**Q** 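To start, I am sharing the structure in question, which I have written as structure tokens.
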Amino acid sequence: MRKLTYFIACSLDGFIGDPAGDATAMYRFVDEEFLDFLKSEYPETMSTPGRRALGLDDLENKRFDTIIQGRASYEVALKDGITSPYAHLREYVASHTLKHSPDPHVEIIADDLVGKVRELKAEDGEFGIYLCGGSQLAGELLDEIDELVIKSYPIVYGTGMPMFGSGLAVTEFTLDDVRTFKNGALVRTYNRER
């Protein structure tokens, strides 16, 4: 069974962006040390255009071969004319409003999101599934999330988009690892209590 990992950046107060979902205030914490960590541990979480800009096209996937993102997260790339932001992965976008994919490499999941995620998790393979952004999406998929990788940056939004955007029951995860960085960032890894 493949794992679904919610790999997300958040503020100290648990927001993944401001009330409009803008997370650019956190970008300044991606310094050389943090970038080295991403390159060595989670290279597939860097977008294809980002990898290209940094001359990192040759990075091999280490943990994931599939990505699921929400429409709002996908729209960030579309606004820049990028229709396949993670071309080095199998791409899915969960959306009730986006009826047709603008790219043959990107599949739209319009119905039965949980069923599709269960189908992907049941596939054979050594790599997992990267859940990338989408507060509502993460809330809808909470029961399917096997691992949380939370990149916490030393910033407080005060208000904004929460990590999980819906009313949820108490769900327990077990802390597996904490990595600290000189700039004050932390990466905490939690596994699902089942």
Side-chain angles (χ1 to χ4, degrees), residues 3-64 67-70 72-77 79-80 82 85-86 88-89 128-139 141-142 145-166 168 170-193:
K3 286 195 304 191
L4 177 64
T5 300
Y6 187 27
F7 184 88
I8 194 70
C10 76
S11 63
L12 291 176
D13 50 349
F15 295 111
I16 63 174
D18 67 15
D22 184 358
T24 54
M26 291 188 265
Y27 292 175
R28 71 182 188 91
F29 295 101
V30 181
D31 60 10
E32 187 174 336
E33 179 190 20
F34 198 82
L35 188 58
D36 285 344
F37 163 75
L38 289 177
K39 287 189 298 191
S40 66
E41 299 296 321
Y42 295 94
E44 55 272 89
T45 65
M46 298 183 337
S47 71
T48 301
R51 291 159 65 125
R52 211 167 277 140
L54 295 169
L56 303 173
D57 275 337
D58 59 344
L59 286 179
E60 291 186 27
N61 295 347
K62 291 193 172 190
R63 298 177 188 260
F64 310 114
I67 184 171
I68 300 172
Q69 60 183 326
S73 296
Y74 185 54
E75 287 287 332
V76 173
K79 287 178 184 172
D80 289 334
I82 301 165
Y86 292 91
H88 55 282
L89 299 171
I129 304 159
Y130 166 31
L131 177 59
C132 169
S135 177
Q136 292 298 322
L137 180 61
L141 292 175
L142 179 60
I145 295 173
D146 303 295
E147 181 181 55
L148 297 171
V149 179
I150 304 170
K151 303 171 289 176
S152 297
Y153 299 118
I155 187 171
V156 173
Y157 275 103
T159 185
M161 185 177 287
M163 284 179 50
F164 294 95
S166 60
L168 305 166
V170 174
T171 305
E172 290 188 34
F173 287 81
T174 301
L175 181 65
D176 185 48
D177 187 50
V178 178
R179 171 89 185 255
T180 60
F181 296 86
K182 292 176 189 154
N183 66 9
L186 296 173
V187 176
R188 296 169 290 152
T189 304
Y190 296 88
N191 285 297
R192 181 65 174 253
E193 282 287 323

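For reference, positions follow the sequence shown, starting with 1. Quantities reported herein were computed from a predicted structural model and do not represent experimental measurements.
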**Q** Mind checking the OG1-CD1 spacing from Thr5 to Ile67? Nearest 0.5 Å is all I need.
**A** 12.0 Å
**Q** Please verify the inter-ring angle class for Phe29 with Tyr153; under 30° counts as parallel, over 60° as perpendicular, anything in between as tilted.
**A**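 Phe29 vs Tyr153 ring planes: parallel.
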**Q** Below 4.5 Å, heavy atoms only, C-beta onward: do Arg63 and Glu44 meet side chain to side chain?
**A**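 A side-chain contact exists here, since the closest heavy-atom pair is under 4.5 Å.
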**Q** Supply the atom-to-atom distance Asp18 CG to Thr159 OG1, rounded to the nearest 0.5 angstrom.
**A**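 Separation between the atoms: 9.0 Å.
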**Q** How many angstroms lie between atom CG of Leu4 and atom CZ of Phe64, to the nearest 0.5 angstrom?
**A** 9.0 Å
**Q** Does any N or O in the side chain of Asp80 come within less than 3.5 Å of the main-chain N or O of Ile82, such that one atom is a donor and the other an acceptor?
**A** no
**Q** Show the numbers, then the answer: is there a side-chain contact (heavy atoms from CB on, under 4.5 Å) between Phe15 and Met161?
**A** CA-CA 5 Å; Phe15 295 111; Met161 185 177 287; 5.6 Å; no
**Q** Is it true that Glu147 and Lys3 have a side-chain N and a carboxylate O under 4.0 angstrom from each other?
**A** yes
**Q** Please give me the minimum heavy-atom distance between Thr180 and Glu33, naming the atom from each residue.
**A** O-OE2, 4.4 Å
**Q** Indicate yes or no for a side-chain donor-acceptor contact from Lys151 to the backbone of Ala185 under 3.5 Å, with no hydrogens or angles considered.
**A**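 Such a contact is absent between Lys151 side chain and Ala185 backbone.
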**Q** Less than 4.5 Å apart, side chain to side chain, heavy atoms only: is that true for Ile145 and Thr171?
**A**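 They are not in contact (no side-chain heavy atoms under 4.5 Å apart), so the answer is no.
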**Q** Going by the ring-ring contact (aromatic ring centres under 6.0 Å, His included) test, name the single residue among Tyr130, Phe34, Phe7 that passes it with Tyr42.
**A** Phe7
**Q** In Å and rounded to the nearest 0.5 Å, what is the CG to CG distance from Leu142 to Leu137?
**A** 11.5 Å
**Q** So Ile150 and Met163, side-chain contact (heavy atoms from CB on, under 4.5 Å) or not? Walk me through it.
**A** CA-CA 10 Å; Ile150 304 170; Met163 284 179 50; 3.6 Å; yes
**Q** Could you grab the distance from atom CD1 of Ile16 to atom CE of Met26, nearest 0.5 Å is fine?
**A**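 So the gap between those two atoms works out to 7.5 Å.
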**Q** For Val156, does its backbone N or O pair with a side-chain atom of Asp13 as donor and acceptor, under 3.5 Å?
**A** no
**Q** What's the shortest heavy-atom distance between Pro85 and Pro49, and which atoms?
**A**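 Taking Pro85 first and Pro49 second, the nearest heavy atoms are O-CD, 3.5 Å.
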**Q** Roughly how far, to the nearest 0.5 Å, is CG of Asp176 from CG of Asn191?
**A**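 With rounding to 0.5 Å, CG (Asn191) is 5.0 Å from CG (Asp176).
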**Q** Under 4.5 Å between any side-chain heavy atoms of Leu59 and His88, yes or no?
**A**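 Result no, sub-4.5 Å side-chain heavy-atom pair not found.
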**Q** Hey, mind stepping through Thr45 and Val149 against side-chain contact (heavy atoms from CB on, under 4.5 Å) and telling me if it holds?
**A** CA-CA 11 Å; Thr45 65; Val149 179; over 6 Å; no
**Q** Do side-chain atoms of Gln69 reach the backbone of Cys132 as a donor and acceptor pair under 3.5 angstrom?
**A** no
**Q** Taking Asp57 first and then Arg51, would you say they form a salt bridge - that is, a charged N and a carboxylate O separated by under 4.0 Å?
**A**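 Salt bridge between Asp57 and Arg51, a charged N being under 4.0 Å from a carboxylate O: no.
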**Q** If I compare all heavy atoms of Ser11 with all of Ile155, which pair ends up nearest, and what's the gap?
**A** CB-O, 3.2 Å
**Q** Would you name the heavy atoms of Phe164 and Leu148 that are closest together and state the gap between them?
**A** CZ-CD2, 3.9 Å
